[in-house]
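Each remark here refers to the structure printed beneath this line.
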Amino acid sequence: MQDLFGGGAAARNRVVLDGTFAHFREHVRALVAADVPAEDVEYVVAAPSALRADEGGALFETREQPTPAPDPGGATLSLPRAAVARIETASHHRSDAVWRTLHRVVARIAGGERDLLDDSLDPDVVALTRFEKAIRRDAHKMHAFVRFRRLEDDDARGGERFVAWYQPSHRIVGREARFFRERFPSMDWSILTPDGCAHWNGARVVLTPGVDRDAAPKDDDWEALWCDYYASIFNPARVKLDAMRAEMPKKFWHTLPETQQMESLLADVPRRLEEMRRNSRRMADSAAAFVPGGADLSALREALASCEGCELCTNGTRAVAGEGRANARIALLGEQPGDVEERSGRPFVGPAGEELGEALRAAGLTREDLYVTNAVKHFRHDLRGKRRIHKRPTVEHVSRCQPWVDAELAAVEPEALVCLGVTAGRAVFGPTHRAPDPNAAPTPRSSRYAPRTFTTFHPAAILRAPDEARRERLRSHLLATLRRASQDRGAPVR
Ligand code: URA
């Protein structure tokens, strides 16, 4: 036996590798050429934490660098390209045992077993395949779980660098840098791992020694955005905890911002599943299936409570029915109940209701004279903390809710209908309806609900008007419309 690296007649040749395939290849070439069997070589990889950036600058430069072994007689090894690729992949495995396996595989192929890798039952091939699989699995996880945080960096393009800390199971950061370079070519990024770090600057990937986790940033201003996004795509029906733990081992959790909210998302799973079940039951095309035929207003009100005509029935709010005289001459149609209306179960009793009340008084009308309802019966909103922020219903919400409006107004048969705001106008005249000219006199049109149908401004639009002048114009239009609706009588308008 020959000790290639000195040290006398030791039974073992100790080879200190830097963990790269290139370094292994350099040594194995000499060892195989010298007929040193794998069993007589002790391969070790220098602990990455022993590496420092100032030790020559190259990644994985070892302090304990052995004297490079000469390649006796200048012998070269020639291996099939596919075999080299497989050996290269396996060489990223962290186990020290990998090197002896690879050494044996190299020696056997070089020794004439050219088809060795086709023998899937051969113990060395079995081991090689196991190492390769582990690397592919680890790469897959890295692609999925690396999370970048944005840092200001004057030297980076656009003054920002995206930095991730990650702990792969194997030494794959250099190998996988190619994947991230292709996926994120236009941003400067760094992936820091305990084994080594990869940095992309738009031109090339630079590798540097590994770092501790503390070197990585923990938060950035995009994190909240990402967490919101994750919560919004989180599908409770897909949660399989065991699979999740297997796929996303706990060791990755601290680098994943979304996992910080995992507990609360998981706690919410039963409620959201119930919501989804209800959603799948409801998906009738509209409220039509829930509207009793020929019903009077009180039967309609009762039936409305269990409407599942659209997904708004699952948003935790109750449906607010219209209210007022069953034979009112004038009906008002709003958009949807607001926060106050949903709580009290009555239309137009919040701030917009107060504004409307003023206009009604000025027009000489009282709520008791009217029938007041909305185009959409549930309160569509966004949650901001504990606040429920109004969200305009879509054309689809309006159209799914239309059977309720049809039934209510068929029961009331008003002579005049006043549409408050664009949503109400669209519910009656279709999606192309636009807000009226605030300076033009209100003009009735015939609709399927009433021979004289007006469109005017919503009281909430008056409250939101950007200035006093605009507010007054919208207010005047609403008042003029109510007056005209209450005074005009006579032949239906065409
Ligand atoms: N806005 C509406 O459109 N309807 C209400 O009931 C309250 C506010």
Side-chain angles (χ1 to χ4, degrees), residues 224-236 261 264-265 268 271-272 274-276 278-280 282-287 290 304-322 332-356 372-405 419-435 455-466 474:
L225 202 64
W226 164 249
C227 285
D228 281 357
Y229 168 72
Y230 184 82
S232 76
I233 59 162
F234 179 80
N235 183 348
Q261 55 181 359
S264 60
L265 288 175
D268 205 27
R271 188 192 66 75
R272 289 191 56 194
E274 176 53 27
E275 186 177 305
M276 290 171 88
R278 291 182 63 194
N279 269 350
S280 62
R282 58 104 184 156
M283 284 308 157
D285 293 345
S286 77
F290 303 92
L304 177 64
S306 39
C307 180
E308 295 182 354
C310 77
E311 93 288 353
L312 294 180
C313 69
T314 64
N315 74 358
T317 65
R318 68 169 129 179
V320 176
L332 307 187
L333 184 65
E335 180 194 71
Q336 64 169 9
D339 182 74
V340 181
E341 287 78 11
E342 194 277 327
R343 289 179 206 282
S344 68
R346 298 181 54 209
F348 282 105
V349 290
E354 277 176 33
E355 179 70 31
L356 177 64
V372 181
T373 192
N374 284 301
V376 171
K377 308 303 183 196
H378 280 93
F379 174 34
R380 186 173 191 232
H381 63 276
D382 277 335
L383 268 184
R384 229 166 276 156
K386 290 199 175 139
R387 290 180 58 216
R388 304 192 298 177
I389 309 296
H390 167 274
K391 195 168 181 191
R392 184 183 265 196
T394 63
V395 171
E396 189 179 351
H397 293 127
V398 171
S399 109
R400 282 173 177 259
C401 224
Q402 194 110 26
W404 290 113
V405 180
C419 301
L420 302 168
V422 170
T423 301
R426 288 184 180 159
V428 177
F429 293 114
T432 54
H433 168 75
R434 297 272 171 274
T455 57
T456 183
F457 295 91
H458 195 285
I462 298 174
L463 294 174
R464 281 197 313 266
L474 302 188

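The side-chain heavy atoms of Arg388 and Thr317, taken from C-beta on, include a pair separated by under 4.5 Å. At a threshold of 4.5 Å between non-hydrogen side-chain atoms, the residues Leu332 and Thr373 do not count as touching. The closest side-chain heavy-atom distance from Val398 to Arg426 is not below 4.5 Å. Looking at Val405 and Lys377, their side chains come closer than 4.5 Å, going by heavy atoms from C-beta outward. Put simply, the side chain of His397 does not reach to within 4.5 Å of the side chain of Lys391, judged on heavy atoms. Under the 4.5 Å side-chain criterion, counting only non-hydrogen atoms from C-beta, Thr456 is in contact with Leu420.
Arg434 contributes atom CZ, which lies 14.5 Å from atom CZ of Phe429 (distance to the nearest 0.5 angstrom). Asp339 CG to Glu341 CD: the interatomic distance, rounded to the nearest 0.5 Å, is 8.0 Å. Here the OG-CD distance, from Ser286 to Gln402, works out to 9.5 Å after rounding to the nearest 0.5 Å. Separation of atoms CG (Leu304) and CZ (Arg318) is listed at 11.0 Å; rounding is to 0.5 Å. Rounding to the nearest 0.5 Å places CG of Leu333 at 11.5 Å from OG1 of Thr455.
Here the closest heavy-atom approach between residue Phe290 and residue Gly309 is recorded as CE1-N, 3.7 Å. Across all their heavy atoms, Val340 and Pro351 have their closest contact at CG2-CD, 4.1 Å. Shortest non-hydrogen contact noted between Gly425 and Cys419 is N-CB, 3.8 Å. Ala465 and Leu474 make their closest contact through CB-CD1, 4.5 Å (heavy atoms, listed as atom of the first residue, atom of the second, distance). When every heavy atom of Ala352 is checked against every heavy atom of Pro459, the shortest pair comes out as O-CB, 3.3 Å. When all heavy atoms are compared, the tightest approach of Cys401 to Ala287 is CA-CB, 4.5 Å.
Looking only at atom types and distance, the side chain of Glu342 has no donor-acceptor partner in the side chain of His378 under 3.5 Å away.
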Cut-off 3.5 Å, no hydrogens considered: what does the side-chain donor-acceptor table look like for residues 379-387, sequence neighbours left out?
unit_1, atom_1, unit_2, atom_2, d
Arg380, NH1, Arg392, O, 2.5
His381, ND1, Phe379, O, 3.0

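For Arg464, there are no salt bridge (Lys or Arg N to Asp or Glu O under 4.0 Å) partners at least two apart in sequence or on another chain.
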